[in-house]
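Right, one structure below, let's go through it.
All chains are named by letter (A, B, ...) in the order of the sequence lines, taking the proteins before the strands, and each is independently numbered beginning at 1.
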Amino acid sequence: MEGLNEEGQWIVLMGLLVAVAMFFLALIVNQSALVGQTTAEGVLEFPKNDIRDLRTEIFDCVDEFGDTVDADVKKDIVVISLERKNAVVDFSVDPEVEISGGRWLHPVKIHYNNGVTVYDETVYY
Amino acid sequence: MVNDTGQLYTMEGVAAGLIMLLTAYIVISTTSVYTPGDTHITDMQLEQLGSDVLAMMDTPDTETGVSDLEVFVDHNNATGFEATFLDYCNATTGGAVDSLHMSATIYYQDGDEVKEYLFVPADDSWTGRESAVRATRWVQLDERSRGPPLDDRARAVLVEVLIWRD
Amino acid sequence: MNGDDGLLSLDFLAGFTIFMVALVVVVSMVPGLLVGLQSSGIDYDAVAYRTGVILVEDPGWPVHPPWELYDVYHKDEIERMGLAVSRDTPNILLSTKIEKFFNGSADGSGFFDYPDDYRRRVLFGDYPYVCNISMSILGGPTYMVGDARPQGYGYIRRVVKVKEPSSAIIQDNDLYRAAVPSNRTQFTVRLNCSELLDPSISPAYRIDPRIERISVKIANFSYYLNSSPYATLKNVRFHKNYATGSLPFPYTSISPEKYRFQIDGVDTTLTPNAHVNSTLYLMLQPASLPIDPNSVIDIVFTFEEPAPDPPRTTISGLHLYDYNATNVTRPDLTFGVLEVAVW
């Protein structure tokens with residue numbers, strides 16, 4: 001191995017450096033692409049407006065029927081949610097109970113699951 | 001005193017420079033990747049606007065009042081619905097009017113089936129190629145004699161609006 | 001065997017250093033380069049969306065007392081500026097909050113300084129965003145804060161309804177005419193806060209004197225004159241929880257941040273001792289009186305004629321400032337649109 005000298009080693013070193021630099025650049029590119037996708041998709045996929053709408057609708061039902069929500073109306077909500085919103089929805093309204101401040105309110109249990117987001121709530125209305 | 005011993009180093013330098021330029025070029029050119037992201041953003045803006053408009057139409061102006069949306073659906077007033085929706089949707093603070101269009105369908109339950117009827121048909125700007133977004137709102141209808149297809153019982157119906165930009 | 005084959009030569013060291021420095025500079029420039037390219041379409045839109053959500057769906061922070069009532073000395077305590085009436089009523093905005101929010105300018109003439117206060121309290125983020133936020137209310141004013149929009153900016157538009165403050169207009173009401181007028185007479189407007197702040201009334205329609213203006217107008221005062229061209233209003237006083245003593249208040253000075261009082265359209269103090277011909281108008285700014293959820297506030301107008309004079313007004317009685325539509329007018333929610341542009 002007499003004829004071999006080590007002067008070319010820095011080329012290997014350079015190659016390594018360039019590789020590391022490219023790795024970091026790739027990382028940056030990758031992340032910046034994610035920013036755009038996730039912001040819009042995060043907003044689009046999280047069904048904030050759907051859940052708010054469902055709550056308002058259920059509260060409208062409570063306003064109209066009290067704790068004996070009309071079975072047909074409940075079925076409307078459950079069936080149409082499944083068909084059009086791909087969401088499993090269930091809710092129940094219990095008789096009024098006294099809460100702090102001496103007010104009598106219905107405990108309303110709401111369940112929502114569209115496969116991505118699961119939402120459960122017990123709200124006094 | 002000219003020799004060629006340094007040539008290899010020069011070529012390596014040129015190669016390294018090329019690699020860096022290539023990297024920079026790739027980085028900049030990847031901005032085209034954002035195009036799908038951009039359409040997502042417009043979808044998000046439109047969907048939010050549509051939900052806002054429906055929610056505001058469903059908010060009564062007075063404590064004891066009935067919301068516009070409920071009245072329009074209950075009395076099958078498609079013209080009123082379309083006019084109010086587009087008014088709200090296209091309003092800007094600068095006074096200019098945006099160019100959004102809409103169509104609306106109402107979904108209701110009959111028997112065990114979910115049925116639908118076209119509430120507001122699409123106008124001429126609809127070609128089927130638009131990237132339309134969907135906004136929905138529940139409407140609670142009281143028991144009242146209103147005839148088919150929603151007949152008389154109290155029911156919950158889903159108003160689904162398609163919105164697109166001209 | 002002590003050759004120098006494994007050592008780096010000096011000129012290689014110099015060249016390598018220059019190369020490394022150049023590489024570091026390029027690498028550190030690239031992310032900045034990207035910010036410029038990506039954000040017009042993506043990051044700015046996300047920030048605009050977030051700003052829109054904060055403005056439209058959040059009442060801001062602090063809530064008690066609400067941020068819009070902070071004066072210029074306590075401005076730093078405001079953490080977030082949201083315009084919603086409450087967190088349960090998204091898209092329903094309070095006019096008081098809107099007025100305060102848009103009271104900002106770059107030259108320091110407004111309450112807030114643009115852009116610093118807006119960056120810290122509504123835009124957030126490390127990047128120094130620039131914005132243009134505008135709002136127009138149907139049949140009402142158009143507000144705007146920020147710079148002119150350049151090419152390429154993040155944008156969101158939100159549709160809202162605006163809640164305006166209530167007012168009591170007392171006009172030609174026989175209930176408040178005493179059959180036997182006296183030389184000294186009192187007319188009271190009563191705010192029963194436990195009734196007004198009843199939690200069963202949605203915040204979107206509630207009369208809340210802690211966050212909204214209260215105004216009382218006696219239009220056509222001549223209806224209550226006792227065959228005389230005028231009556232003498234001695235003073236207006238505020239009483240809490242039926243106490244005989246009046247609440248501490250700047251009764252003898254004009255202070256627009258607390259109240260506005262007009263006799264026949266002319267601004268005056270609450271101790272006018274002056275003649276009234278046609279109208280009385282009193283507007284109390286939000287939270288100018290120490291109100292808690294159980295207090296009862298009486299606004300007492302005292303009319304008194306000097307001793308030999310005959311009684312000049314027949315007005316007397318008690319007017320309730322409550323949810324009865326004949327007593328108090330609550331304006332309908334009005335449609336509005338809010339636009340946020342960020343770049």
Next item on the list: Starting from the C-alpha separation in whole Å, work towards a yes-or-no answer on side-chain contact (heavy atoms from CB on, under 4.5 Å) for B:Gln140 and A:Phe65.
Entry: CA-CA 11 Å; B:Gln140 172 71 42; A:Phe65 303 110; 3.9 Å; yes
Next item on the list: Carefully, step by step, assess A:Asp76 and B:Arg153 under the rule side-chain contact (heavy atoms from CB on, under 4.5 Å).
Entry: CA-CA 11 Å; A:Asp76 282 344; B:Arg153 76 169 169 89; 2.9 Å; yes
Item checked: Heavy-atom contact with chain B under 4.5 Å, split by part of A:Thr56 -> side chain
Margin query: Can you tell me how far apart NZ (A:Lys85) and CG (B:Leu158) are? Round to the nearest 0.5 Å.
Written below: 6.0 Å
Check: Measuring heavy-atom distances to chain B, does A:Leu54 have an atom under 4.5 Å in its side chain, in its backbone, in both, or in neither?
Finding: both
Notebook entry, point to check: Side chain, backbone, both or neither: which part of B:Glu160 has an atom under 4.5 Å from a heavy atom of chain A?
Noted result: side chain
Item checked: Minimum heavy-atom distance between A:Ile80 and B:Tyr107, given as atom pair plus value -> CD1-O, 3.6 Å
Check: Considering only heavy atoms, which portion of A:Val79 lies under 4.5 Å from any heavy atom of chain B: side chain, backbone, both, or neither?
Finding: both
Check: With a 4.5 angstrom heavy-atom cut-off, which part of B:Arg137 approaches chain A: side chain, backbone, both or neither?
Finding: both
Note to self: Do A:Arg84 and B:Arg134 have side chains that approach each other closer than 4.5 Å (heavy atoms only, starting at C-beta)?
What the structure shows: yes
Next item on the list: Let me know if B:Ala55 has heavy atoms under 4.5 Å from chain A in its side chain, its backbone, both or neither.
Entry: neither
Checklist line | Contacting region of B:Val133 [heavy-atom separation from chain A under 4.5 Å] | finding: neither
Next item on the list: Write down the atom of A:Glu64, the atom of B:Leu141, and the distance for their closest heavy-atom approach.
Entry: OE2-O, 4.4 Å
Item checked: Contact origin within B:Thr136 toward chain A - heavy atom pairs under 4.5 Å -> both
Notebook entry, point to check: Which bit of B:Ala16 comes within less than 4.5 Å of chain A, counting heavy atoms only: side chain, backbone, both or neither?
Noted result: neither
Notebook entry, point to check: If you check every heavy atom in residues 106-125 of chain A against those of chain B, which residues fall under 4.5 Å?
Noted result: none
Notebook entry, point to check: Looking at CG of B:Leu54 and CG of A:Asp53, how far apart are the two atoms once the value is rounded to the nearest 0.5 Å?
Noted result: 8.0 Å
Next item on the list: Assess whether side-chain contact (heavy atoms from CB on, under 4.5 Å) is satisfied between A:Asn49 and B:Gln48, documenting all intermediate values.
Entry: CA-CA 8 Å; A:Asn49 291 313; B:Gln48 183 62 56; 3.6 Å; yes
Margin query: Counting only non-hydrogen atoms closer than 4.5 Å, does A:Asp50 touch chain B with its backbone (N, CA, C, O), its side chain (CB onward), both, or neither?
Written below: side chain
Checklist line | Part of B:Asp110 within contact of chain A (heavy atom distance under 4.5 Å) | finding: neither
Item checked: Under 4.5 Å from any heavy atom of chain B - which part of A:Asp72 -> both
Notebook entry, point to check: Can you name the closest pair of heavy atoms from B:Ala154 and A:Val73 and give their distance?
Noted result: O-CG2, 3.3 Å
Checklist line | Ion pair check, B:Asp112 and A:Lys75, cut-off under 4.0 Å | finding: yes
